[in-house]
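Not measured: the values here are computed from a predicted model.
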Amino acid sequence: MGFDPITSAIVQLVVTTAISWVLAPKPKKPNVPEQQQAQGILVNKASNNTAIPIIYGKRQIGISRVFVESSGTDNQYLYMAGVLCEGGGNGIESIEEIYINDKLVTWSGSLTDGTVRTVNSSDTNYYKDGASLISVQSFYGLDNQSVSSLLDASTNWGSNHKLSGVAYLAFKFTWNQDAFNSLPEVKVVLKGKKIYDPRLDSTKGGSGSHREDTASTWTYSPNSALCLLDYLRNSRYGKGLPNSAFETNYDSFKSSATLCETQVTPYTSGSNINLFETNIVLDTEQKLIDNVRELLNPMRAIFTYTQGKYFLIIENTGTSQLSLTTDNIIGGIKIFGEKKNTKYNRVIGTFVNPEKEWQEDTVSFPPADDSGLPVEDQYATLLAEDNGTNLEGNFSFQGITNPYQAEELCEIILRRSRNALGVELRCTSEALNVTIGDIVDLTYVTGGFSAKVFRVMGLSINSDSTVSLQLIGLSLAVPRIGTALTAILVGAIPLFSSVIGRLMKIESIDGFGFAGLVLGFIGIIFLVGFPSGQLGDQFFLGFFASPPAWAMESKPIKLANKMEAPVNNIAEIAGRSGGDKDISWRAFDTYLPAVLNEYVELKGRKYK
């Protein structure tokens, strides 16, 4: 079953927005700074129409008071219902801790669904004069949950007040002047949604009892790929995509989920952690595209819509699906390098830190103390390379609660921003066999590419049946090898490209071309520098004994393509035809920074 154009446009907009956000600071929402948004998650609210958040993974959250009533002599008792989050019908996983006025409460037992608990006698804050001052009843958000027996004792909480599908807490407080001096503030640490895992569904090529349409079979997981899948499929608080919108067995989501659970060691002698996890509080008042972007952030994924199906791809190593050469490239290619407004010499990431009472914390790369890094990665070195200009990028990682994952993401954003390489080109119909996320290799002598590996980030079919591709290079964590040697390589690439072109009988050469080659080689000699000793017989003997470039046969030259001078880090090869109108998009991608294998390549860092 197909999707209407509006639905397709929405998903396409998700992709475009996310790509724009990757290498530029995330736009701040009007009048609500991001720090206040994060702090607002922990604030208690008094409202019966506020948005109910979604929690994936483990987070701390404040309650929304939807019912408050006092009773008894001198209002001795206070009844209160505090909404936590969506239960989704099958309930959240667990309520781990409850803080009253920032004090952790010790209960008489586990806070299981529907069970009334009192304060344990060991709790000196809320167990006084031989009695518990608080009773609590937890509800996990089942669609068929019963009415609270604790609140049923109040006057205005009736038998129909079940808050079906909503996770909430019911409280009864007993007044004590030493324990309370105002309305109690409540914060809760909980494990959120139970979600579907197609790897555990034996009817979908997996092994287990999960079923895609039976929520009671699902289990808790902070797996980033599965959290996104749940949000896309859920009709209550998500997009509500039908099962037919995905591959038959959710294969791309299954492989991505497995990749998320790759075990890595964050530091020497540290315990293994999952490569990617999502622990997030989603605001259901925000646009769908914004929430999808937040869910993609922790795992840095490509989200595509291809031939009527949605796919998820976490960038990983792989094999090339297509070799691009002058045989299937029409016209020229356009090369994009780094840009100052998206280039950084320090990246600062904001995340929620459980070790700091679930408040916002920051990490950076390079860190403030970067003495343990290689010299080329230290801030002073990067600053010098940028002529003393501070290029600082600030990013918000609201779904990340691990400082090592946040710092690794900062490092990858920085490396990619400093070594960005993009290519646009138009190909023959053979490129119809690739899709967003595929790896291709490009050989283009004039551009200096020999089987250079790229990933397809954009694809469109033109009116003349040709295919336009947007590619991004994968080998981005390149070493900095020094100004002089870099200049030598920059000068040598076109020089040797001409030589290779001649040997392959692509180009011929006349007298002017011959003179240019000689001058080019002389220029390289001067860049390399002469020896400190005198220019004696041994020097000239060694020089003239090397294979001479001037020995090439001289013939009229006919260049297949002409490289124009780079302008603003963009080099365009003439002969590229343009102006064709794209008649349809084959796929759309959501891209967040970093190829997965970069976590291995990052020198001196965490994920080794």
Side-chain angles (χ1 to χ4, degrees), residues 19-25 300 315 324 329 331-347 365 376-377 381-393 395 410-427 439-458 468-497 527 561-576 578 589 591-595 598 601-602:
I19 291 175
S20 300
W21 179 84
V22 174
L23 293 178
R300 312 187 302 270
E315 289 193 325
L324 298 172
I329 296 174
I333 67 174
K334 183 182 287 187
I335 304 172
F336 297 88
E338 62 193 33
K339 299 179 181 178
K340 185 175 180 179
N341 64 336
T342 55
K343 179 183 180 181
Y344 308 113
N345 47 41
R346 173 163 280 155
V347 171
F365 186 86
E376 64 267 26
D377 292 336
T381 304
L382 302 181
L383 188 65
E385 290 178 2
D386 298 327
N387 298 317
T389 302
N390 180 35
L391 303 175
E392 189 174 279
F395 293 83
C410 287
E411 182 177 3
I412 291 174
I413 292 174
L414 181 138
R415 292 193 185 281
R416 176 151 290 184
S417 76
R418 300 185 69 82
N419 298 284
L421 178 62
V423 170
E424 289 184 0
L425 49 82
R426 194 165 67 165
C427 308
I439 295 174
V440 299
D441 63 271
L442 173 62
T443 297
Y444 203 82
V445 174
T446 313
F449 299 136
S450 177
K452 168 71 177 173
V453 180
F454 290 84
R455 191 178 295 275
V456 178
M457 301 307 300
S468 294
L469 297 178
Q470 296 83 46
L471 312 176
I472 186 167
L474 293 187
S475 298
L476 297 177
V478 297
R480 299 169 182 83
I481 55 179
T483 305
L485 186 53
T486 301
I488 293 167
L489 292 177
V490 170
I493 286 173
L495 197 62
F496 287 116
S497 296
L527 281 170
N561 292 287
K562 174 186 175 185
M563 177 72 79
E564 298 177 346
V567 179
N568 294 328
N569 293 318
I570 299 176
E572 183 171 4
I573 295 177
R576 180 181 185 273
D589 62 286
Y591 167 69
L592 288 176
V595 291
E598 277 189 289
E601 297 172 359
L602 301 179

- Query: Is the shortest side-chain N to carboxylate O distance from D386 to R418 below 4.0 Å?
  - Reply: yes
- Item | Sidechain-backbone polar pair: R346 side chain, F365 backbone, donor-acceptor under 3.5 Å | no
- Message: I need the L414 CG to N345 CG distance, nearest 0.5 Å.
- Response: 7.5 Å
- Please lay out, stage by stage, how I413 and F395 fare under the test side chain to side chain contact (heavy atoms under 4.5 Å, CB included). CA-CA 10 Å; I413 292 174; F395 293 83; 3.8 Å; yes
- Query: Any side-chain heavy-atom pair from I439 and F454 closer than 4.5 angstrom?
  - Reply: no
- Rounded to the nearest 0.5 angstrom, the CG-CD1 distance for L471 and I333 is 9.0 Å
- Task: Output, in order, the C-alpha distance, side-chain angles, deciding distance and verdict of side chain to side chain contact (heavy atoms under 4.5 Å, CB included) for L383 and T389.
- Result: CA-CA 6 Å; L383 188 65; T389 302; 5.7 Å; no
- Query: So Y344 and E392, side chain to side chain contact (heavy atoms under 4.5 Å, CB included) or not? Walk me through it.
  - Reply: CA-CA 5 Å; Y344 308 113; E392 189 174 279; 6.0 Å; no
- All side chain to side chain contact (heavy atoms under 4.5 Å, CB included) counterparts of A451, not counting sequence neighbours: D441, T443
- Task: May I have the step-by-step check of side chain to side chain contact (heavy atoms under 4.5 Å, CB included) for I472 and L421, ending in yes or no?
- Result: CA-CA 6 Å; I472 186 167; L421 178 62; over 6 Å; no
- Message: With rounding to the nearest 0.5 angstrom, report the CG to CD distance, L391 to E385.
- Response: 11.0 Å
- Message: Distance check, rounded to the nearest 0.5 Å: R455 atom CZ versus Q470 atom CD?
- Response: 15.5 Å
- Message: Quick check on side-chain contact (heavy atoms from CB on, under 4.5 Å): which of I329, V423, L324, V440 does L469 satisfy it with?
- Response: L324
- Message: Is any side-chain heavy atom of E376 closer than 4.5 Å to one of L382?
- Response: no
- With sequence neighbours left out, write down each residue that passes side chain to side chain donor-acceptor pair (under 3.5 Å) with N387, or none if nothing qualifies. none
